[in-house]
Amino acid sequence: MQTQVLGLSVDSVPCLKAWAESLGGITYPLLSDFYPHGKVAEMYGVLRPEGYSERAIFVIDKQGIIRYVDVHDINEQPDNDLLFRVLAEIDPEAAARFSAQTSVPTTPEPAADVIMYCTPWCPGCRLAREFLSKHNIPFVEIDINRDREAAAKVRAWANGNETTPTFNIKGQIIVNFDREKVAKALGLPPWEMW
Amino acid sequence: MALSIGQAAPDFTLTSHMEQTVRLSDYRGKNVVLAFFPLAWTPV
């Protein structure tokens, strides 16, 4: 939607590179505010005395004017929906185009007995993948970072959290890789839960 | 907080993880979301 996301941290370029790789290929530039250390964070007033920045979001419009500032709890992640609402406010036209683009091809739920909502890097998803493969159980994976409709479903099931993995096993929703529940839903005997 | 809504965003030039030089003012004409995060290896 004519919007560029730029990530910034005080890490060095090689460090960011390694991190980006671990995330499975990130789609926006991660910028290194490393030398002079935290200069940009300081300019934006978000450098902490510890030497790293706050978790903060600045939305800048097409004319280069700051339209939204959010400095949030260091442990809290920014909310995509919130960002979208902010963008819709400063550029309704672009937001409308974006919604039209994304909402038309409504992806139907895959016709599979086992659907796993996951992300490529979450450790629980990896364990679950291994578990299902070991038991020769066919399953479909949905990456909730790519499929935001699926992410909304997960939030509805998981008290507003995007908990991964979350399973839909023959219509039964299981939030988190709870081996006992998953094994039971799959009709596996208890001794097969590992 | 040094900056507030309605102010011009200070320009900067930084190197990305792809080793490209990125200048904020190059994105004039686009909306930009700047996401500062404390350290790598923490959730984005």
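Hydrogens, waters and symmetry mates are skipped; everything else that's a heavy atom, side chains included, is used.
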Path from [X] to [Y] over hydrophobic side-chain contacts below 4.5 Å:
| X | Y | result |
| --- | --- | --- |
| B:V22 | A:Y35 | no |
| A:I174 | A:V154 | no |
| A:I173 | A:F177 | no |
| A:L188 | A:L132 | yes |
| A:V5 | A:L30 | yes |

Over all heavy atoms of both residues, which pair between [X] and [Y] is shortest? Give the atoms and the distance, please.
| X | Y | value |
| --- | --- | --- |
| B:P10 | A:M43 | CB-CE, 3.8 Å |
| A:V13 | B:S16 | CG1-O, 3.8 Å |
| A:I57 | B:A35 | CD1-CB, 3.9 Å |
| A:Q63 | B:R28 | C-CD, 3.4 Å |
| A:I60 | B:A9 | CD1-CB, 3.5 Å |

When rounded to the nearest 0.5 angstrom, what is the spacing between [atom1] in [X] and [atom2] in [Y]?
| X | Y | atom1 | atom2 | result |
| --- | --- | --- | --- | --- |
| B:M18 | A:Y28 | CE | OH | 14.0 Å |
| B:I5 | A:I66 | CD1 | CD1 | 8.5 Å |
| A:Q4 | B:L24 | CD | CG | 10.5 Å |
| B:K30 | A:T3 | NZ | OG1 | 8.0 Å |

For a 4.5 angstrom cut-off between non-hydrogen side-chain atoms, does [X] reach [Y]?
| X | Y | answer |
| --- | --- | --- |
| A:R55 | B:P38 | yes |
| A:V69 | B:L3 | no |
| A:V40 | B:F36 | yes |
| A:D33 | B:F12 | no |

Under 3.5 Å, is there a donor-acceptor pair between the side chain of A:S53 and the main chain of B:F37? yes
Taking B:V33's backbone N and O only, do any of them form a donor-acceptor pair with A:Y68's side chain (distance below 3.5 Å, no angle check)? no
Option in A:V10, A:L47, A:L31 with maximal non-hydrogen atom pairs under 4.5 Å from chain B: A:L31
Residue, of A:G64, A:G7, A:A41, A:G38, that accumulates the most heavy atom pairs under 4.5 Å with chain B: A:G64
Does a sphere of radius 6.0 Å around CD in A:E130 hold more than 12 heavy atoms from other residues, nucleotides or ligands, not counting ones at 6.0 Å or beyond? yes
